[in-house]
Amino acid sequence: MKRDTVLDQIEHTREPWDFLVIGGGATGLGVAVDAAGRGYRTLLVEQHDFAKGTSSRSTKLVHGGVRYLKQGNISLVLEALRERGLLCENAPHLVHHLEFIVPIYSWWEGPFYGIGMKIYDRLAGKLGLSPSRVLSREETLKLIPTLEPSGLQRGVSYYDGQFDDSRLAVNLAQTIFDLGGGAINYMPVVTLMKENDLIAGAVIRDLETGLEHQIRARAVINATGVFSDGVRKMDEPDAQTVIAASQGSHLVLPKAFLPGKSAVMVPNTPDGRVLFAVPWHDHVVVGTTDLGVDNITLEPVPMDEEIGFILTNAAKYLSKTPSRSDILSVYAGLRPLVKVGDAKSTAALSRDHTILISNAGLLTIAGGKWTTYRKMAQDAVEQAETMAGLEERPCKTEHLQIHGWTKQAIPEPSLGVYGADAPAIREIARKEPALAEKFHPDLPYIGAEVVWAVREEMARTVEDVLARRTRALLLGARASIEAAPRVAQLMAQELKRDGDWQKQTVQNFKEVAQGYLPPA
Ligand SMILES: Cc1cc2nc3c(=O)[nH]c(=O)nc-3n(C[C@H](O)[C@H](O)[C@H](O)COP(=O)(O)OP(=O)(O)OC[C@H]3O[C@@H](n4cnc5c(N)ncnc54)[C@H](O)[C@@H]3O)c2cc1C
């Protein structure tokens, strides 16, 4: 996946593209994979890096959504469970089955959640993971030794999927290339182009050179998440806003807080929210919150009250009480919820996806979740075919192997997420033994991963490598800041950049990483 190759195509393509997709998060990447899979000439443009927005900031679950079951939204759960099963098959190197334990502290919760999870199993049908079961107190504590034992009666175990969100995004971008399409980062859409009052393409700006290019396309898809209204207003300046952003934050803790293999799911905290504590890359991710926000930004920062809420509630369920000094990293993401009626809080807004088509023919797709990105994309492409008068072609993504697909176990822990690409990274490290070294003693990543990220995954800055190609920034904000100069040096060799570039990219990273440092 080479940025220069895509630039060359952009500069030399005179014929209109079939699909121009704006936004390189889960939604846009899914749409571009679907369109390229149907054989359409497809280009995706992302204003920053792939998954820089919400798509690298999730709870990392591929799930049907147990809480939507509680709300009675069966069709949403059914669709998500089906997509969960397909994603486990299509990206087995990135999606794993994970056991969740619901700790039961009052007598009525046991039968309530036990029956609920049986319904969840049933809805998954043939694509179900392992069946749910009710556990004794002893069995529960054996699986989660750090669970608060006082008052614990039993547990309910069920299975969902877990994944690495930004790695899936990178692999989807690579899949677009594998299917003959193109995707490019640091390339925002700055205006939309119209012919006879109909959308005919967009002007994009290369943030590395400042050059602008006109891209003509038959169908233009706005998949910009919480930024959707901004792009809609490029088409219709008076368009009503439809996006309500809801912030969700997470803390990352050392593994000692949840040493086993299973996750904890608290379906109803004392103030009515869901709390997860999930083992992830040998650490623990705890969250999340749901807070309506007006400030839409690419770098939301967790608020002090959110961190307090997560710590207080985690302390109720864990025997080892986490404190602020235990936190390795904090991160926040904005859910791109679509407003329906006059819902009073973002928690009441639909988690389903919405497609809007403007009079000029701009198709906007927003909402949904990572788990359902494939189905969202299928719906969007099918609507776009009709809108743009394209011939209808069959969807190919239901059983499409995503880039990196392999069922072979990868022995090195940090290389597992690369799947079928792992041997190529191993080979880089074999040829140059210095690259087999970790780039920071407290992080699991080696130099060869940096080289690979630049050569094959379109990493352009230190932040791309530390935040999204590897997950260093989430596993340890402080360690990542310390690692930044070494990463910049390795990248500069590959990209043929000078010392000034290294200083600048390290400085930019440090500014972003401040927002991930545990609060004092
Ligand atoms: C706290 C939290 C936890 C979550 N947990 C889960 C979970 O566990 N499982 C799950 O299934 N889902 C989860 N979700 C939901 C899921 O993460 C989102 O639904 C999904 O990532 C949204 O993807 P998107 O592509 O629509 O938006 P984004 O990922 O934000 O992508 C939009 C992209 O558009 C780009 N863009 C904006 N303007 C322009 C422009 N002018 N030109 C070019 N590009 C532009 C942005 O830079 C951005 O990268 C969670 C969400 C949150 C907030």
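Numbers here simply count residues along the sequence, with the first being 1. Reckoned from all heavy atoms, side chains included, excluding hydrogens, waters and symmetry mates.
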Check: His48 ring centroid to Tyr186 ring centroid under 6.0 Å: yes
Check whether any side-chain heavy atom of Val450 sits under 4.5 Å from a side-chain heavy atom of Glu494, and report yes or no. no
Any side-chain heavy-atom pair of Met187 and Leu7 under 4.5 Å: yes
Examine distances only and state if a side-chain atom of Arg57 and a backbone atom of Gly53 form a donor-acceptor pair shorter than 3.5 Å. yes
Judged by modelled atom types alone, do Gln504 and Asn508 share a side-chain donor-acceptor pair under 3.5 Å? yes
Any chance the side chains of Glu83 and Tyr373 put a donor and an acceptor closer than 3.5 Å? no
Name the orientation class of the two ring planes belonging to Tyr445 and Phe439 (parallel below 30°, tilted from 30 to 60°, perpendicular beyond 60°). parallel
Step through the shown structure and confirm whether more than 12 heavy atoms of other residues, nucleotides or ligands are within 6.0 Å of CZ on Arg393. yes
Aromatic ring centroids of Trp370 and Phe163 under 6.0 Å? yes
Within the 3.5 Å criterion, strictly below it, is a donor on Asp160 or Tyr120 matched to an acceptor on the partner's side chain? yes
Is the closest side-chain donor-acceptor distance between Tyr516 and Glu299 under 3.5 Å? yes
Aromatic ring pairing Tyr158/Phe100, orientation class (parallel under 30°, perpendicular over 60°, tilted between): parallel
Do Val252 and Trp280 make a side-chain contact, defined as non-hydrogen atoms from C-beta onward lying under 4.5 Å apart? no
With distance as the sole criterion, is a donor-acceptor pair present between the side chains of Glu79 and Thr372 under 3.5 Å? no
Can a side-chain donor-acceptor contact be found between Arg84 and Thr371 if the only test is distance below 3.5 angstrom? no
For His281 and Asp164, does a side-chain donor sit closer than 3.5 Å to a side-chain acceptor? yes
Are Gln507 and Glu511 linked by a side-chain donor-acceptor pair shorter than 3.5 Å? yes
Quick one about Thr461 and Asp464 (side-chain donor to acceptor, distance below 3.5 Å, no hydrogens or angles considered), yes or no? yes
Please find out if less than 6.0 Å separates the ring center of His97 from that of Tyr159. no
Report yes or no: do Ser166 and Arg471 form a side-chain donor-acceptor pair below 3.5 Å? yes
Can you find a side-chain donor-acceptor pair between Asp165 and Ser58 that sits under 3.5 Å? yes
Under 3.5 Å, is there a donor-acceptor pair between the Gln247 and Glu306 side chains? yes
What's the spacing between Thr364 OG1 and Leu356 CG if we round to 0.5 Å? 5.5 Å
Shortest non-hydrogen separation from Val465 to Ala459 and the atoms involved: CG2-CB, 3.8 Å
